[in-house]
Structure formats: C-alpha cells, structure tokens
Amino acid sequence: MAKATFYYHLKRLDFNDGYDDLRNVIKAIFEKHHSRYGYSRITYELHNSGIEVNHKTVSKLMRQLHLKALRTPRQFHTYKGNVGKVAPNTLDRNFRSKEPNKKWTTDMTQVMIKEERLYLSPILDMFNGEIITYTMTSRPSLKMVIDMVHKAMKKIPKHEGLILHSDQGWHYQNKRYQNVLEKNGIEQSMSRKGNCLDNAMMENYLG
C-alpha cells in the first residue's frame, strides 16, 4: 500500500467528530437485535430512548462502523388486495407510547417447528415491547385473530384510548374482526400498502 493511501484510510478511521458515544449506542442496539436493524429502525430506537438524531446521521455512522442489517425474506403474506374496509394509518410511524395499553400492534407470520408449519398471531405493546397475548394455529384463519383480540381483552380489561395497528392483511379488513374492535372501543390503524416500515416494531419482532 502506498504511504499516502495508508494515511488516507487511517484518517478516515479517526472519527474525531463528537459522535463516539452515539456510535457505541448504535452498535449496542445493532448487536442487541442480532444485526437485523437498519438505520430506520435504529433511529426509532434512539428516539424512543430520548436521543434525538437525524436518520441520515445514523445511516452515515452505521456505514463508518460497517454495520449492515441482515435481510430475512418473509415467505408468508396475508395481503390479498382490498377485500374489505382499509383503516387509515392513524399511528403514522409514531411508535412512542408514554403508558401501557395505548398503542398495540399485531401481525401474522408462519413458523416451522420440525416438520410442522404453524401460524403465529401476537399482539405487541409499543410501550415496552411486551407481548400481550398470542394465538397459534395450524392454518391462518379469521378466527385466530378474533380469538387473539378476545384473549387480550380478558387480560387487559381497561384499555381506553387504545389503538391497534396492523398491515392490510385480509383478516384485518374483515368486517367481523373490525366489529370486535369497535365493540371493545379499540381504534383500528393500518399500514400503507406495501410499506413494512409503517409497522416496524412488529416486523422486527417477527423477524
């Protein structure tokens, strides 16, 4: 390596820009979530921790640290087009919650246990990442998501002002599911079509 090239790269490694503490936090979040968080989700995590930083800064620091999120393709999708009523995106990527049972999110995923294919449908509280309840069945059905809501209502009877966010899966567009939410005073929110970051907390959990 030429001497000039060596010192050029050495200078690039000297991050004397006041972001050393932030780099450590970013690296800790990245490792905590098994290299699955990209700059967008890490930015949300920082904001949830009270650290206000621009997503472009997080992206730049991650490139400097050579941190690149692993991509895990999801093989199971519940979206079948507009088969019912699509709720507005009330949540609007505001994943912060100052108290429990105000912002919940849900989704469905396929898991393999030995030779058996199962379907998991959990509810996650955005206040602390707690799984409120879940259902698991051998095939995806409307009943499993309705049973999931009923189980959550029995566990958390007081839920005034609660928002339940999901993607636009056919289960969540179904009138029976929406009636259960309305009967329990739950406001429904849905991600925009084809935009997984609108439900980033649950997408990451299932990932």
Side-chain angles (χ1 to χ4, degrees), residues 21-22 24-34 36-55 57-58 69 78 85-109 120-136 144-169 171-174 176-193 195-207:
D21 290 340
L22 183 57
N24 291 332
V25 175
I26 289 173
K27 187 175 181 181
I29 295 173
F30 186 80
E31 292 175 350
K32 176 183 176 182
H33 295 282
H34 310 291
R36 298 189 185 278
Y37 268 20
Y39 74 90
S40 294
R41 292 178 179 177
I42 288 183
T43 302
Y44 289 132
E45 284 288 306
L46 292 170
H47 289 175
N48 287 336
S49 301
I51 301 175
E52 296 296 334
V53 60
N54 188 276
H55 67 280
T57 301
V58 175
T78 61
K85 182 180 178 182
V86 175
N89 185 14
T90 306
L91 192 67
D92 195 25
R93 295 196 188 181
N94 183 5
F95 303 130
R96 298 185 190 182
S97 182
K98 296 182 179 178
E99 53 184 303
N101 305 317
K102 293 299 181 183
K103 294 179 181 179
W104 287 355
T105 178
T106 186
D107 199 357
M108 188 184 298
T109 192
L120 173 68
S121 179
I123 290 179
L124 180 146
D125 192 341
M126 295 185 181
F127 171 69
N128 59 359
E130 175 187 358
I131 296 301
I132 301 299
T133 190
Y134 67 92
T135 51
M136 182 178 285
M144 74 179 296
V145 296
I146 292 178
D147 288 348
M148 173 192 69
V149 176
H150 285 318
K151 286 176 67 176
M153 294 301 96
K154 290 180 180 179
K155 186 175 181 181
I156 312 292
K158 295 183 180 180
H159 48 269
E160 292 79 10
L162 173 62
I163 296 174
L164 180 53
H165 185 80
S166 69
D167 59 20
Q168 294 186 22
H171 307 83
Y172 313 120
Q173 295 185 43
N174 188 277
R176 286 176 57 196
Y177 172 80
Q178 294 177 344
N179 285 342
V180 171
L181 299 188
E182 184 178 355
K183 182 179 179 181
N184 287 279
I186 301 172
E187 181 180 358
Q188 187 179 25
S189 173
M190 283 186 180
S191 301
R192 292 166 296 175
K193 179 181 175 181
N195 201 321
C196 63
L197 288 179
D198 285 350
N199 199 10
M201 286 192 69
M202 180 54 80
E203 290 282 343
N204 176 70
Y205 174 78
L206 295 180

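Numbering of residues begins at 1 and proceeds along the displayed sequence. Not measured: the values here are computed from a predicted model.
Considering only heavy atoms from C-beta on, Met108 comes within 4.5 Å of Tyr172 through its side chain. A 4.5 Å side-chain heavy-atom check between Val86 and Lys193 finds every atom pair outside the cut-off. Under the 4.5 Å side-chain criterion, counting only non-hydrogen atoms from C-beta, Thr135 is not in contact with Val145. When side chains are defined from C-beta on, Leu91 does not count as touching Asp198, because their heavy atoms never get closer than 4.5 Å. The side-chain heavy atoms of Thr106 and Ser121, taken from C-beta on, include a pair separated by under 4.5 Å. Two residues are said to be in side-chain contact when any heavy atoms from C-beta on lie closer than 4.5 Å; Trp104 and Ile156 meet this criterion. Leu164 places none of its side-chain heavy atoms less than 4.5 Å from the side chain of Glu187. The shortest side-chain heavy-atom distance between Ile123 and Ile131 does not fall under the 4.5 Å cut-off.
Rounding to the nearest 0.5 Å gives a distance of 10.0 Å between NE2 of His171 and CG of Asp167. In this structure, Leu124 CG and Glu130 CD are separated by 8.5 Å, a value rounded to the nearest 0.5 Å. For the atom pair CG (Leu46) and CD1 (Ile51), the distance works out to 5.0 Å, reported to the nearest 0.5 Å. Taking NZ of Lys158 as the reference point, atom CD of Glu160 lies at 7.5 Å (rounded to 0.5 Å). Ile146 contributes atom CD1, which lies 6.5 Å from atom CG of Asn174 (distance to the nearest 0.5 angstrom). Considering CD1 of Ile42 and CG of Asn204, their distance stands at 10.0 Å, rounded to 0.5 Å.
Arg192 and Asn199 share no donor-acceptor pair across their side chains, judged by distance under 3.5 Å alone. Judged purely by distance below 3.5 Å, without hydrogens or angles, the side chains of Gln188 and Gln178 pair a donor atom with an acceptor atom.
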His55 vs Thr43, test: side chain to side chain donor-acceptor pair (under 3.5 Å). Steps then yes/no. CA-CA 6 Å; His55 67 280; Thr43 302; over 6 Å; no
What verdict does the side-chain contact (heavy atoms from CB on, under 4.5 Å) test give for Val25 and Glu45, after you've listed the backbone C-alpha separation in whole Å, the side-chain angles of each residue and the deciding distance to 0.1 Å? CA-CA 10 Å; Val25 175; Glu45 284 288 306; over 6 Å; no
Stepwise side-chain contact (heavy atoms from CB on, under 4.5 Å) test for Ile26 and Tyr39: CA-CA 9 Å; Ile26 289 173; Tyr39 74 90; over 6 Å; no
Where do Met190 and Gln173 land on the side-chain contact (heavy atoms from CB on, under 4.5 Å) test, with the steps shown first? CA-CA 9 Å; Met190 283 186 180; Gln173 295 185 43; 3.9 Å; yes
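Taking each heavy atom of Thr105 and Met126 in turn, the nearest pair found is CB-CE, 3.5 Å. Annotation for Pro122 and Tyr205: closest pair CG-CE2, 4.2 Å, computed over non-hydrogen atoms.
Annotation for Asn128: atom CG counts as buried by contact number, over 12 foreign heavy atoms lying within 6.0 Å. Within 6.0 Å of CZ in Phe127 there are more than 12 heavy atoms belonging to other residues, nucleotides or ligands. Annotation for Lys102: atom NZ counts as buried by contact number, over 12 foreign heavy atoms lying within 6.0 Å.
Looking at Ser189, its side chain does come within 3.5 Å of a backbone N or O of Thr90 through a donor-acceptor pair. Here the side chain of Thr57 pairs no donor or acceptor atom with the backbone of Val53 at under 3.5 angstrom. Not a single donor-acceptor pair under 3.5 Å links the side chain of Asn89 to the backbone N or O of Ser191. Judged by distance alone, with hydrogens and angles left aside, the side-chain atoms of His159 form a donor-acceptor pair with the main-chain N or O of Pro157 at under 3.5 Å.
Stacking of Lys151 on the aromatic ring of Tyr134 is recorded, both the 6.0 Å distance cut-off and the 45° axial limit being met.
Taking the charged nitrogens against the carboxylate oxygens, Glu52 and Arg96 do have a contact shorter than 4.0 Å, which makes a salt bridge.
The aromatic rings of Phe95 and Tyr44 sit perpendicular to each other, their planes meeting at more than 60°, with 30° as the lower class boundary.
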